[in-house]
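Data block below; observations after.
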Protein chains: 2
Amino acid sequence: MRPKLTLKQIAKELDVSISTVSKALRDSPEIGEDTREKIKAFAKFYNYKPNNIALSLKNRKTKTIGIIIPEIVHHFFTTVISGVEKVANEMGYNVIICLSDNSFDKEVINMEMLANGSTDGFIMSLAKETMQKGDYHHLIEVISQGMPLVLFDRVVDQILCDKVIIDDVLGAQKAVQHLIDIGCKRIALLSTVDYVSVGKLRTQGYKLALEENDFELDEDLILKIEEMEESEEKIEHFLKDKDVDGIFAVNEHFAISAIKYIQEHGKRVPEDVSVIGFTDGELSKRFIPSLTTVSQHGTRMGEEAARILIEKLEKTPGEDEQYRTVIVETGLVKRNSTKSLK
Amino acid sequence: MRPKLTLKQIAKELDVSISTVSKALRDSPEIGEDTREKIKAFAKFYNYKPNNIALSLKNRKTKTIGIIIPEIVHHFFTTVISGVEKVANEMGYNVIICLSDNSFDKEVINMEMLANGSTDGFIMSLAKETMQKGDYHHLIEVISQGMPLVLFDRVVDQILCDKVIIDDVLGAQKAVQHLIDIGCKRIALLSTVDYVSVGKLRTQGYKLALEENDFELDEDLILKIEEMEESEEKIEHFLKDKDVDGIFAVNEHFAISAIKYIQEHGKRVPEDVSVIGFTDGELSKRFIPSLTTVSQHGTRMGEEAARILIEKLEKTPGEDEQYRTVIVETGLVKRNSTKSLK
DNA sequence: TTGTAGGCGTTATCAA
DNA sequence: TTGATAACGCCTACAA
């Protein structure tokens with residue numbers, strides 16, 4: 001076992017001072033040609049690489065970005081991570097990931113942990129519990145310490161920081177408009193509870209679309225689901241006595257549960273009922289019928305968030321502090337779960 | 001903006017020495033009751049937290065684990081990460097994730113980057129390109145520097161280190177046995193090229209099962225796919241002139257592509273052809289028909305890998321160096337894509 | 001009971 | 001052209 005080489009060891013080995021070695025390796029013209037070459041050759045041969053930790057301590061920056069997300073077993077978040085990773089890597093940054101598990105406490109702990117020197121800034125999407133509690137002291141703390149924070153997807157108005165979101169309202173509106181365009185008359189909404197911002201916004205888009213087309217809003221056609229676990233039975237129960245010809249679901253799971261129920265009860269998708277989901281998942285592409293969806297472009301969101309964060313990180317702090325909210329547009333991907341009834 | 005508090009600042013503020021503050025905060029009995037209380041109260045009030053970077057430098061350990069995986073947009077890897085994260089968090093470790101994108105170069109760069117002080121050890125699954133090249137110098141380098149490495153899933157015999165794998169051979173064998181048990185006579189195998197270890201092992205299991213049941217091995221019934229992108233057409237082409245009644249696929253995608261093709265060509269799954277996939281994905285559960293699968297238990301693999309790594313990390317290095325290979329067992333999850341033909 | 005000094009690995013400043 | 005020194009933030013053996 002051969003532990004990592006340090007400047008000190010090189011210096012001793014070559015019988016020069018540490019600072020000479022340091023300068024030589026950084027190509028300082030202060031150092032004479034021959035010594036420089038000798039040192040560089042030695043370092044190269046023994047594969048010297050400076051210690052990141054020491055550099056971090058010295059420079060007071062770690063060149064790493066912290067990502068905190070509610071869960072990773074969720075295709076959307078995975079795509080976001082992948083986008084962040086890509087940009088971060090290109091810019092010489094590392095990515096450290098923590099999962100809050102949708103728990104407020106875990107989110108706070110993770111954030112404090114990373115804030116103590118491990119990362120230069122944060123990219124995060126809030127835990128459900130955090131949004132429910134409305135307690136954002138950990139975010140405020142971090143910001144007030146001068147660490148940049150970029151919120152994405154599950155964001156919150158009260159916090160002043162950069163944000164990357166998708167046009168939830170517009171995306172939902174487009175989806176419902178599509179259902180209306182193909183002739184649906186009774187359109188149900190499968191949503192989450194309102195304190196999850198996306199649930200609220202997508203519901204808003206749904207209502208807007210109805211309004212614009214002079215459809216009457218029927219609260220009976222709206223289902224708000226609290227827990228992912230109970231979604232399947234809630235949806236079944238909800239659809240039992242409803243006579244709908246269109247369904248807009250705020251995520252993939254809800255959409256698929258709905259389709260399953262419909263198919264199992266003697267109706268067909270899309271012939272009798274058209275279904276649209278809000279999602280980016282693999283499932284929608286491969287499901288039979290494949291799902292018409294509002295695509296979320298997670299990768300793009302991740303890239304955008306990383307770019308914004310790194311820009312903040314590399315800007316001298318004095319400059320005018322401004323916060324941006326970038327809206328990543330959604331697109332309607334038409335597949336086989338919707339079909340014109342006309 | 002209020003930058004982070006340091007020992008130095010506390011010391012100045014309270015007019016004592018830095019070491020007094022340090023000792024007081026660590027409850028050293030050396031420090032007098034009153035000074036200690038005063039210091040602790042001050043620190044608590046201003047929410048002092050020691051700087052991780054400084055601690056890492058001093059202790060020469062970072063308390064973080066590096067994960068390097070080929071890709072993250074892949075449910076199996078996601079579940080592994082989630083398992084690692086869980087155990088790591090419980091033990092006070094952070095997790096830093098890098099993606100190799102299945103590229104050898106990226107894998108090497110990431111590894112070197114993390115090895116320069118950023119992490120204490122590695123958990124990784126090799127890039128396809130790496131296995132193809134058979135160049136493992138970066139792994140050897142890291143190990144020889146005394147950093148523990150745990151390989152999972154895509155492992156390689158030449159490297160001496162801890163490993164966490166699943167019983168690919170047995171899992172495949174069980175799957176094929178199941179197909180035989182329900183009456184399949186002509187069983188096709190949809191696999192990957194042999195240099196991907198899992199492809200090779202699962203092929204082995206397939207052959208073993210046939211052998212044990214005195215089935216003749218028909219190489220024409222075996223398809224080896226090189227690139228994920230071309231899988232769909234390769235499978236279609238392969239199935240065109242084959243008259244099979246059972247299919248074993250080494251992953252979810254292959255299985256689903258096969259089902260699609262079969263259904264589109266006038267046959268039914270599982271009535272005419274039974275299909276089993278090797279996977280853990282969400283897709284298999286929700287696909288119609290839902291897929292019978294060999295489950296990989298990614299979470300368990302992640303937990304296991306993390307436990308082994310941390311154990312190594314916290315053991316004094318002198319102790320007898322031994323490498324373990326933990327085999328996580330697979331299970332056959334019977335769903336609706338297989339059915340007895342008898 | 002408190003403080004001083006040295007070191008973890010690096011770089012920057014200044015002196016030789 | 002090279003080297004000594006201090007500093008980043010923390011901890012600890014030892015001195016006062």
Side-chain angles (χ1 to χ4, degrees), chain A residues 3-40 42-43 46-64 113-120 145-147, chain B residues 3-40 42-43 46-64 113-120 145-147:
Chain A
K4 288 234 93 176
L5 200 56
T6 67
L7 287 185
K8 203 184 195 173
Q9 290 167 44
I10 300 182
K12 195 165 75 179
E13 214 64 48
L14 262 40
D15 208 39
V16 289
S17 81
I18 296 179
S19 55
T20 304
V21 178
S22 172
K23 285 173 189 163
L25 293 179
R26 326 197 90 244
D27 273 325
S28 159
E30 286 185 43
I31 305 298
E33 180 88 22
D34 40 351
T35 356
R36 200 184 340 150
E37 285 316 316
K38 185 179 65 178
I39 291 173
K40 289 183 79 168
F42 185 92
Y46 288 106
N47 193 27
Y48 168 81
K49 292 272 167 43
N51 180 311
N52 289 331
I53 296 291
L55 285 180
S56 296
L57 186 59
K58 178 118 243 303
N59 304 329
R60 287 125 138 277
K61 52 175 70 169
T62 61
K63 287 283 214 170
T64 96
M113 174 134 220
L114 296 188
N116 294 323
S118 301
T119 65
D120 295 338
Q145 286 174 3
M147 303 184 78
Chain B
K4 288 235 93 177
L5 201 55
T6 68
L7 285 187
K8 201 183 194 177
Q9 291 167 42
I10 300 182
K12 194 165 76 181
E13 213 65 48
L14 262 39
D15 208 38
V16 290
S17 83
I18 296 178
S19 62
T20 304
V21 178
S22 173
K23 286 172 188 165
L25 292 179
R26 330 195 88 244
D27 274 325
S28 158
E30 286 184 43
I31 304 299
E33 179 88 23
D34 40 352
T35 355
R36 201 185 337 151
E37 284 316 315
K38 187 179 64 177
I39 292 173
K40 290 184 80 167
F42 186 92
Y46 288 106
N47 192 28
Y48 169 80
K49 293 271 168 44
N51 180 311
N52 288 330
I53 296 291
L55 285 179
S56 296
L57 187 58
K58 175 124 247 304
N59 303 329
R60 289 127 136 276
K61 51 176 71 170
T62 61
K63 287 284 215 170
T64 96
M113 174 134 223
L114 296 188
N116 295 323
S118 300
T119 65
D120 295 338
Q145 286 173 3
M147 303 185 76

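Letters go in sequence order (proteins before strands), and every chain restarts at 1.
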Just jot down the side chain to side chain contact (heavy atoms under 4.5 Å, CB included) partners of B:Leu25, sequence neighbours excluded, or say none.
B:Leu7, B:Val21, B:Ile39, B:Lys40, B:Ala43, B:Tyr48
Reading DNA chain C from 5' to 3', where do the contacts with chain B start and stop? Cut-off is 4.0 Å to heavy atoms.
C:dT1 to C:dG9
Residues touching DNA chain D, which here means a heavy atom under 4.0 Å, drawn from residues 30-40 of chain A:
A:Glu30, A:Ile31, A:Gly32, A:Thr35
Tell me, with the steps shown, if B:Asn47 and B:Leu5 meet side chain to side chain contact (heavy atoms under 4.5 Å, CB included).
CA-CA 8 Å; B:Asn47 192 28; B:Leu5 201 55; over 6 Å; no
Listed by chain and number, what are the salt bridge (Lys or Arg N to Asp or Glu O under 4.0 Å) partners of B:Lys49, not counting sequence neighbours?
A:Glu112
Per the under-4.0 Å heavy-atom filter, residues of residues 46-59 of chain A near DNA chain D come out as A:Leu57, A:Lys58
Nucleic acid contacts - residues 15-25 of chain B versus DNA chain C, non-hydrogen atoms under 4.0 Å
B:Val16, B:Ser17, B:Ser19, B:Thr20, B:Lys23
Going 5' to 3' along DNA chain D, which nucleotides are the first and last within contact of chain A (any atom under 4.0 Å from a heavy atom)?
D:dT1 to D:dG9
Enumerate the residue pairs fulfilling side chain to side chain donor-acceptor pair (under 3.5 Å) with a member in residues 53-63 of chain A, sequence neighbours excluded, ordered by first and then second residue.
A:Thr62-A:Asp120
Closest contact, heavy atoms only, A:Ser118 versus A:Met113:
OG-O, 3.7 Å
Among all residues two or more places apart in sequence or in another chain, which pass the side chain to side chain contact (heavy atoms under 4.5 Å, CB included) test with A:Glu37?
A:Glu33
Determine whether more than 12 heavy atoms belonging to other residues, nucleotides or ligands lie under 6.0 Å from atom CG of B:Asp27.
yes
Salt bridge (Lys or Arg N to Asp or Glu O under 4.0 Å) against A:Lys4, all qualifying residues, sequence neighbours excluded:
none
Any donor-acceptor N or O pair under 3.5 Å, side chains B:Thr20, B:Ser17:
yes
Ring pair (Phe, Tyr, Trp, His ring centres under 6.0 Å) involving B:Phe42 - partner list, sequence neighbours excluded
B:Tyr46
Shortest non-hydrogen pair, B:Pro50 vs A:Asn116, comes out as O-CB, 3.6 Å
Overall bend of the helix from C:dT1-D:dA16 to C:dA16-D:dT1 (five pairs an end, 10° steps) is 70°
B:Pro29 or A:Gln9: which one's nearest nucleotide on DNA chain C is closer to the 5' end?
B:Pro29
Closest non-hydrogen contact found for B:Lys23 with B:Ile31 is CB-CG1, 3.7 Å
